[in-house]
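Here the structure comes first, spelled out in structure tokens, and everything after it is commentary.
FYI, the numbering just counts along the sequence from 1.
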Amino acid sequence: MLAPDFPLSSLYLYLTDHCNMNCGHCWISPQFTREPCRGVPWSVLEKAIREAEPLGLTSVKLTGGEPLLYGELAELLSFFERNGHIRVLIETNGTLIDSEIAARFCSVPVAQISVSLDGASEETHDPIRGVKGSFRRVVEGLHCLSAVGLSFQIIMTLQRRNSDEMPALVNLSRDLGASSLKI
């Protein structure tokens, strides 16, 4: 099949409608959970990806809810690892990143990891995300990504509650080794 004049170059896969954060600004309004959960069945995702490939698919963004809560994430990452020619981008709140998942991202390989961080302190970030301790867990996750040499981007949702922390977040992003800060 010839590539179409207007290729379908990327897919955004909203893997689950669940999240372990409770952010008031989230436009998706996912269901709160701390446990891995079902989402779009892997067989459906695989079919969609395979059908999109001949249409020009070159990248897939994994998002949600929180994509790292997706119960079939291992199968999905294994598919991309075997496939090898689709760029994988991940948008996450970062609280579930540990050394094991960071190492797994290396084997896929992941082209971009975007991690939400809405303040330079737990006093700002945690109330915005609605979960106490989330700032500490995000920072730990970013250290895990750095430890295995993965590049990451920090995403800040600018609002009245955090606007005065922009300079401090720029410095924190630099200190953590972020490749960029997206506001």
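Residues Asp126 and Gly133 come closest through the heavy atom pair OD2-N, 2.8 Å. Across all their heavy atoms, Ile86 and Phe80 have their closest contact at CG2-CE2, 4.0 Å. When all heavy atoms are compared, the tightest approach of Ala52 to Leu8 is CB-CD2, 3.7 Å. Annotation for Leu172 and Gly119: closest pair CD2-O, 4.4 Å, computed over non-hydrogen atoms. In terms of heavy-atom proximity, Pro67 sits nearest to Gly64 at CD-N, 4.1 Å. Annotation for Arg34 and Val131: closest pair NH1-CG1, 4.1 Å, computed over non-hydrogen atoms.
Cluster annotation: Leu89 is not connected to Leu13 through the hydrophobic network of ILVMFWY side chains, with a link wherever side-chain heavy atoms come within less than 4.5 Å. Phe152 and Ile101 fall within the same hydrophobic cluster, where Ile, Leu, Val, Met, Phe, Trp and Tyr residues are linked whenever their side-chain heavy atoms come under 4.5 Å apart, directly or through other members. Hydrophobic clustering (side-chain heavy atoms under 4.5 Å, transitive across Ile, Leu, Val, Met, Phe, Trp, Tyr) keeps Ile183 apart from Ile128. The hydrophobic clustering, which links ILVMFWY residues whose side-chain heavy atoms are closer than 4.5 Å, places Leu69 and Ile155 apart.
Atom NE2 of His18 sits about 11.0 Å away from atom CZ of Arg38, to the nearest 0.5 Å. To the nearest 0.5 Å, the span separating OG1 on Thr157 from NZ on Lys182 amounts to 9.5 Å. Distance CG/Asn171 to CG/Leu176: 11.0 Å, rounded to 0.5 Å. For the atom pair CD of Gln112 and CD of Gln153, the computed distance is 4.5 Å after rounding to the nearest 0.5 Å. To the nearest 0.5 Å, atom CD1 of residue Ile154 and atom OG of residue Ser179 are 9.0 Å apart. Separating the CG atom in Leu57 from the CD atom in Glu51 is a distance of 11.5 Å, to the nearest 0.5 Å.
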Inset, instruction - List the steps and the verdict of side chain to side chain contact (heavy atoms under 4.5 Å, CB included) for Leu62 and Leu76. - result: CA-CA 10 Å; Leu62 307 180; Leu76 180 60; 3.7 Å; yes
Legend entry - Stepwise side chain to side chain contact (heavy atoms under 4.5 Å, CB included) check, Thr92 with Glu66: CA-CA 6 Å; Thr92 176; Glu66 172 51 46; 2.6 Å; yes
Inset, instruction - Begin with the C-alpha distance, continue with both residues' side-chain angles, and end with the deciding distance and a verdict on side chain to side chain contact (heavy atoms under 4.5 Å, CB included) for Ser78 and Arg104. - result: CA-CA 9 Å; Ser78 291; Arg104 187 65 204 268; 2.8 Å; yes
Legend entry - side chain to side chain contact (heavy atoms under 4.5 Å, CB included) assessment of Arg129 paired with Ser116: CA-CA 9 Å; Arg129 290 288 158 171; Ser116 299; 3.1 Å; yes
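In terms of modelled atom types and a separation under 3.5 Å, the side chain of Asn162 and the main chain of Gln159 share a donor-acceptor contact. The closest donor-acceptor contact from the side chain of Tyr70 to the backbone of Trp42 lies under 3.5 Å. Counting only distance, with no hydrogens or angles, the side chain of Thr58 and the backbone of Ser9 share a donor-acceptor pair below 3.5 Å.
Looking at heavy atoms from C-beta onward, Val40 lies out of side-chain contact with Tyr14 at the 4.5 angstrom threshold. Ser151 places none of its side-chain heavy atoms less than 4.5 Å from the side chain of Ile113. Inter-residue side-chain proximity for Thr124 and Leu169 is flagged as unmet; no heavy-atom pair is nearer than 4.5 Å. Counting heavy atoms from C-beta outward, His85 and Glu53 have side chains that approach closer than 4.5 Å. Within the 4.5 Å cutoff, side-chain heavy atoms of Cys106 are placed close to those of Leu150. Between Asn93 and Ser134 there is no side-chain heavy-atom pair separated by less than 4.5 Å. The shortest distance between side-chain heavy atoms of Asp118 and Phe135 does not fall below 4.5 Å. Considering only heavy atoms from C-beta on, Glu72 stays 4.5 Å or farther from Phe79 through its side chain.
The closest side-chain donor-acceptor pair between His125 and Glu165, if any, does not fall under 3.5 angstrom.
Salt bridge annotation for Lys61-Glu91: present, with a cationic side-chain nitrogen under 4.0 angstrom from a carboxylate oxygen.
The environment of Arg161 atom CZ is dense: over 12 non-hydrogen atoms of other residues, nucleotides or ligands sit within 6.0 angstrom.
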